[in-house]
Amino acid sequence: MKYDFAKIEPKWQKKWRDEKTFAAVTGGSKPKFYGLVEFPYPSGQGLHVGHARPYTAMDVVCRKKRMDGYNVLFPIGYDAFGLPTENYAIKNHIHPAKVTHDNIDHFRQQLQALGYSFDYDREVNTTDPAYYKWTQWIFLQLWKKGLAYKATMPVNWCTSCKCVLANEEVVEGVCERCGSPVIRKEKSQWMLKITQYADRLIDDLDGLDFIERVKIQQKNWIGRSEGAEIDFQATNGDTLTVYTTRCDTLFGVTYMVMSPEHAYLKKWKDQIKNWDEVEAYQAEAARKSDFERSELNKDKTGVRLEGIEAVNPATGKQVPIFVSDYVLMGYGTGIVMGVPGHDQRDWDFATKFGLPIIEVVKGGDITKEAFILKDDTGIMVNSGFLNGMTVKQAIPAMKQHVQEAGYGRSKTNFKLRDWVFSRQRYWGEPIPMVKCDKCGWVPLPEDQLPLLLPDVESYELTDDGESPLSKMTDWVNTTCPCCGGPAKRETDTMPQWAGSSWYFLRYMDPNNDKAIASKEAMDYWSPVDWYNGGMEHTTLHLLYSRFWHKFLYDIGAVPTKEPYAKRTSHGMILGEGGEKMSKSRGNVVNPDDVIAAYGADTMRTYIMFIGDFEKAAAWSDNAVKGCKRFLDRVWNLAEQAKDGEGYSAANESAIHKAIKKVSDDIDAMKFNTAIATLMALVNDFYANGCTKGDYQVLLQLLNPFAPHMTEELWETLGFAAKEGKMACQMAWPAYDESKTLSATATIAVQVGGKLRGTVEVPADSDNAAIEAAAKAVPNVQKFLTGMEVIKTIHVPGKLVNFIVKPGK
RNA sequence: GCCGGAGUGGCGGAAUUGGUAGACGCCCGGGACUUAAAAUCCUGUGUUCCAAAAGAACGUGCCGGUUCGACUCCGGUCUCCGGCACCA
């Protein structure tokens with residue numbers, strides 16, 4: 001009997017498909033389990049090994065959950081809107097819908113070839129009008145609640161994609177997707193008020209079972225900071241409001257700075273004596289890219305405004321006002337109070353411009369650098385009524401003071417900005433809004449959804465930075481749903497993140513044409529019990545979808561506050577040698593090739609055995625062969641299995657231990673050690689011989705990892721006939737804690753903390769017997785000779801340690 | 001700079017309420033089978049000392065501490081990876 005995986009694997013895949021073995025049924029008496037993986041973008045390259053790791057992991061988890069008696073929903077779909085498809089369509093003159101359709105077929109075939117137990121009947125496709133109807137519907141609800149708005153503002157513009165980007169999509173000044181420079185551009189954009197949910201997006205993390213680094217990264221990204229706003233009066237009568245987290249240092253203010261974009265500058269044009277200089281500085285700042293402007297450690301630059309000064313409300317003293325690009329318009333108020341004694345940026349600026357530096361917290365040497373507290377031990381000086389207080393005392397005291405004096409108030413700020421939601425591209429969901437000269441922006445009535453993406457003659461980008469849809473005059477020109485007059489459709493489309501912000505809800509009820517999903521289905525399946533995905537989505541998809549879900553909860557459209565109960569994340573698969581896989585390095589591993597050479601079961605087993613699931617791991621062809629060898633050994637063992645029900649005496653303890661270990665390891669995502677345990681068990685079976693009873697449980701434990709070959713062996717050895725079901729339909733094996741213990745225990749024997757030997761004793765020996773046996777070990781005796789045992793440390797089942805001193 | 005994470009054999013990695021460091025696998029050496037090779041099976045494999053065995057010393061980035069006993073705890077320090085970055 002040969003292990004012919006090329007024949008076996010398609011056989012079982014077909015059976016699972018035909019019999020709908022893994023179809024999820026809403027309702028029933030079993031507890032439910034909703035396992036989710038991030039749906040793929042169906043690119044032309046097909047599935048890569050980076051998909052196989054998280055997909056195999058959740059497949060293993062879900063297969064085990066079914067055997068644990070859960071009603072499991074494990075769905076898959078395609079996140080198919082997006083630029084690569086559009087670019088491919090432009091280049092090859094094929095409709096993006098056709099490209100998408102072909103790519104999806106290829107992906108599905110690859111996913112099935114890996115034996116994933118998805119419920120393929122629940123597939124979703126974000127580009128399907130029946131799907132994006134509801135993406136558009138959610139947008140309209142956001143608009144109705146005032147959470148979607150159109151605003152003209154400087155936005156991130158990718159010079160290569162010719163399209164705006166959300167802040168989350170800009171990484172170190174370049175486009176997250178293509179790496180091209182990002183510049184600032186004034187543009188009218190649809191925005192979503194994610195900032196309105198900033199507090200809840202942070203606070204509600206506490207109740208979630210997310211891995212810690214995800215929580216921390218989201219918190220840092222949202223960037224909540226508690227501080228105060230303080231009003232300074234300008235000598236021309238205007239008010240300069242600043243935001244600060246260190247209101248205790250108000251007495252140390254020696255100057256003010258405003259951002260070059262601040263509206264006051266224009267307003268003050270006639271009062272600023274050196275306006276030419278200021279204007280030139282503004283122009284220079286505007287010319288700089290984001291990247292140049294935020295470059296680290298660069299010299300501080302700026303211009304002092306002549307003719308206007310500010311008055312420190314705490315001291316009544318006048319201080320100069322500067323304009324400098326180290327102050328950002330998008331955070332706080334765009335004006336900052338300069339406290340050079342206790343802020344390094346202010347210290348650098350003051351030093352460069354020869355401004356006074358006042359010490360208001362004792363403890364550092366402000367002639368050398370700003371003194372920034374590491375703890376709250378510093379004592380206030382030169383600060384009027386704050387003198388003598390610690391910083392910790394001074395902050396609330398000052399907050400209270402400014403409040404009472406009427407020139408300040410407590411204030412919380414966030415780094416998070418509203419979400420730039422429109423894209424000037426074709427292959428996305430049309431935004432269902434109409435602009436009427438009389439009525440302004442008018443939403444499309446819900447009964448007109450979906451607003452179909454029209455066919456265009458050309459997907460080529462326009463030179464003016466508008467969507468290709470803008471050239472479709474027949475489509476653009478419409479009537480106002482409100483007044484019936486002439487109106488124009490919005491021609492921007494939604495970003496790729498739109499469809500993925502709610503797809504997990506659609507899986508619960510994928511064909512519903514009355515709602516995103518039925519209440520019944522959502523009540524039953526919500527929330528997602530376990531969601532595994534990449535760290536790269538932490539501040540993008542994962543944050544966006546939490547925001548949308550919270551909004552949907554607020555309007556009563558979903559039953560839970562949070563979409564995902566548990567979030568885990570996997571490490572990247574690197575190429576052989578530890579380098580990132582890339583076409584240019586020529587180290588890309590194609591899963592199809594691995595399946596052809598070794599079979600899907602080997603691919604699955606290896607990708608789980610490769611290393612710690614949460615850490616990056618390098619591919620190794622040799623290690624793949626090792627996993628194939630392991631499966632071969634399992635296969636060949638079948639012929640050696642002797643008749644016999646139940647577990648053989650020789651293997652019983654090892655089997656109980658293995659069940660326990662494999663069960664715990666799968667639940668804890670320690671897949672590599674689960675497989676190591678199975679390898680060791682197989683080694684035991686070869687050494688001790690095994691019965692069919694032993695072998696049967698091995699097949700069950702291995703089934704989640706290597707579902708095809710175990711199913712084949714299950715059938716061949718008659719277990720299918722005996723049990724009346726497939727291996728994957730069996731109950732997960734149980735273990736007996738008392739039987740995980742061996743009959744004998746190996747005890748380590750130490751003298752003075754150093755290992756001097758081991759002793760094998762019956763597991764039920766008493767301490768005295770073990771210690772006597774330990775002393776009798778020849779090498780131990782050697783080290784006890786001429787010594788007096790002053791203390792014996794006995795760790796039951798583990799070790800005996802004799803503490804000695806020179807003596808008798 | 002700030003926030004996370006990680007440093008263990010030739011390699012991937014195991015082991016933490018402190019208790020036999022190196023499970024499992026890869027690579028490599030020796031042997032069996034074979035005309036031969038592949039495959040398979042058996043066997044060895046942290047370093048050093050010793051002809052070898054027995055055994056000993058050393059060994060989890062580095063320095064120090066606590067302890068009968070430290071990969072694990074504490075203090076300090078270096079390096080690497082990921083995220084954020086003039087956020088006032």
Side-chain angles (χ1 to χ4, degrees), chain A residues 171-173 211-221 223-225 227 242-247 249 257 259 293-298 300 324-328 330-339 342-346 348-349 372 413-417 535-536 538-539 571-572 577-578 606 609-612 614-627 629-630 632-633 636 670 672-683 686 746-759 778-779 782 790-804:
Chain A
V171 176
E172 288 174 0
I211 52 170
E212 207 52 34
R213 57 198 169 121
V214 167
K215 289 189 182 183
I216 289 166
Q217 220 166 290
Q218 288 206 342
K219 278 182 193 167
N220 289 345
W221 183 262
R224 180 158 62 190
S225 101
V242 301
Y243 172 74
T244 178
T245 53
R246 290 294 303 278
C247 61
T249 62
V257 206
S259 159
R293 223 176 126 166
S294 66
E295 230 172 331
L296 193 62
N297 290 335
K298 76 174 167 56
K300 295 283 180 288
S324 172
D325 65 2
Y326 86 88
V327 175
L328 308 173
Y331 185 77
T333 62
I335 310 178
V336 162
M337 62 182 206
V339 186
H342 304 284
D343 182 290
Q344 192 56 42
R345 294 155 306 181
D346 294 349
D348 293 342
F349 190 84
I372 293 122
N413 260 335
F414 298 91
K415 288 188 197 173
L416 186 71
R417 315 287 167 82
M535 281 307 288
E536 71 274 17
T538 302
T539 55
M572 237 197 313
Y606 174 61
F609 186 62
I610 193 166
D612 185 333
E614 296 198 65
K615 292 192 196 129
W619 186 268
S620 158
D621 281 331
N622 275 326
V624 177
K625 287 179 200 157
C627 287
R629 205 170 291 157
F630 164 59
D632 282 338
R633 276 165 68 76
N636 295 330
K670 294 167 84 173
N672 53 337
T673 50
I675 290 169
T677 302
L678 292 171
M679 288 173 168
L681 188 65
V682 169
N683 292 343
Y686 268 100
T746 308
I747 306 292
V749 187
Q750 298 184 337
V751 179
K754 289 210 177 232
L755 184 71
R756 297 302 177 191
T758 58
V759 64
N779 196 50
K782 197 168 99 190
I790 54 173
K791 192 177 172 188
T792 300
I793 292 162
H794 195 133
V795 183
K798 293 254 164 124
L799 67 65
V800 176
N801 185 5
F802 298 111
I803 314 303
V804 295

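Residue numbering restarts at 1 for every chain, and letters A, B, ... go by the order of the sequence lines.
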Exercise. Which nucleotide in the list B:G19, B:C41, B:C24 gets nearest to the side chain of A:L799?
Worked result: B:G19
Exercise. Nearest of B:G83, B:C84, B:C41 to any side-chain atom of A:Q217?
Worked result: B:G83
Base, sugar-phosphate alone, or nothing: which one does [X] contact when heavy atoms must sit under 4.0 Å apart?
X: A:N683; result: sugar-phosphate
X: A:S620; result: nothing
X: A:A618; result: nothing
X: A:F609; result: base
X: A:K791; result: nothing
X: A:D612; result: sugar-phosphate
X: A:I216; result: sugar-phosphate
X: A:G626; result: sugar-phosphate
X: A:I610; result: sugar-phosphate

Exercise. Which comes earlier along RNA chain B counting from the 5' end, the contact point of A:T746 or that of A:K670, where each point is its nearest nucleotide?
Worked result: A:K670
Seminar exercise, completed: Ranking A:G752 and A:T677 by the position along RNA chain B of their nearest nucleotide, the one closer to 5' is A:T677
For [N], which nucleotide in any strand shown is its Watson-Crick or wobble partner with both distances under 3.5 Å?
N: B:G1; value: B:C84
N: B:U47; value: B:A57
N: B:U67; value: none
N: B:U79; value: B:A6
N: B:G12; value: B:C24
N: B:U40; value: B:A32

Would you say [X] places a side-chain N or O within less than 4.0 Å of OP1 or OP2 belonging to [N]?
X: A:R629; N: B:C27; value: yes
X: A:N672; N: B:A14; value: yes
X: A:Y331; N: B:A88; value: yes
X: A:N622; N: B:C27; value: yes

Rounded to whole Å, please give me the gap between [atom1] in [X] and [atom2] in [N].
X: A:I675; N: B:G12; atom1: CD1; atom2: C1'; answer: 13 Å
X: A:K615; N: B:G83; atom1: NZ; atom2: C1'; answer: 18 Å
X: A:H794; N: B:G19; atom1: NE2; atom2: C1'; answer: 12 Å
X: A:N220; N: B:G82; atom1: CG; atom2: C1'; answer: 13 Å
X: A:R213; N: B:G82; atom1: CZ; atom2: C1'; answer: 9 Å
X: A:F630; N: B:A23; atom1: CZ; atom2: P; answer: 17 Å
X: A:Y606; N: B:G25; atom1: OH; atom2: P; answer: 15 Å
X: A:M679; N: B:C24; atom1: CE; atom2: P; answer: 11 Å

Exercise. What is the per-nucleotide protein-contact pattern of nucleotides 55-61 of chain B, from the 5' end, where B denotes a base atom under 4.0 Å from a protein heavy atom, S denotes such proximity for sugar-phosphate atoms only, and - denotes neither?
Worked result: SSSS---
For nucleotides [N] and [M], find the distance between their [atom1] atoms and express it as a whole number of Å.
N: B:C58; M: B:A39; atom1: C1'; value: 41 Å
N: B:G44; M: B:A23; atom1: P; value: 13 Å
N: B:U45; M: B:G9; atom1: C1'; value: 10 Å
N: B:A21; M: B:G30; atom1: C1'; value: 27 Å
N: B:C81; M: B:C74; atom1: P; value: 26 Å
N: B:G7; M: B:C26; atom1: P; value: 24 Å
N: B:G69; M: B:G31; atom1: P; value: 46 Å
N: B:A14; M: B:A6; atom1: P; value: 12 Å

Problem set entry | Pairwise distance CD1(A:I675) to CG(A:L681) - rounded to 0.5 angstrom | 13.5 Å
Exercise. Below 3.5 Å, does any donor atom in the side chain of A:Q750 face an acceptor in the base of B:G19, or the other way round?
Worked result: yes
Exercise. Is NZ or CZ of A:K300 both nearer than 6.0 Å to the six-membered ring centre of A:Y326 and within 45° of the ring axis?
Worked result: yes
For this session: Report the glycosidic orientation of B:G69: syn if within 90° of 0, anti in every other case.
Result: anti
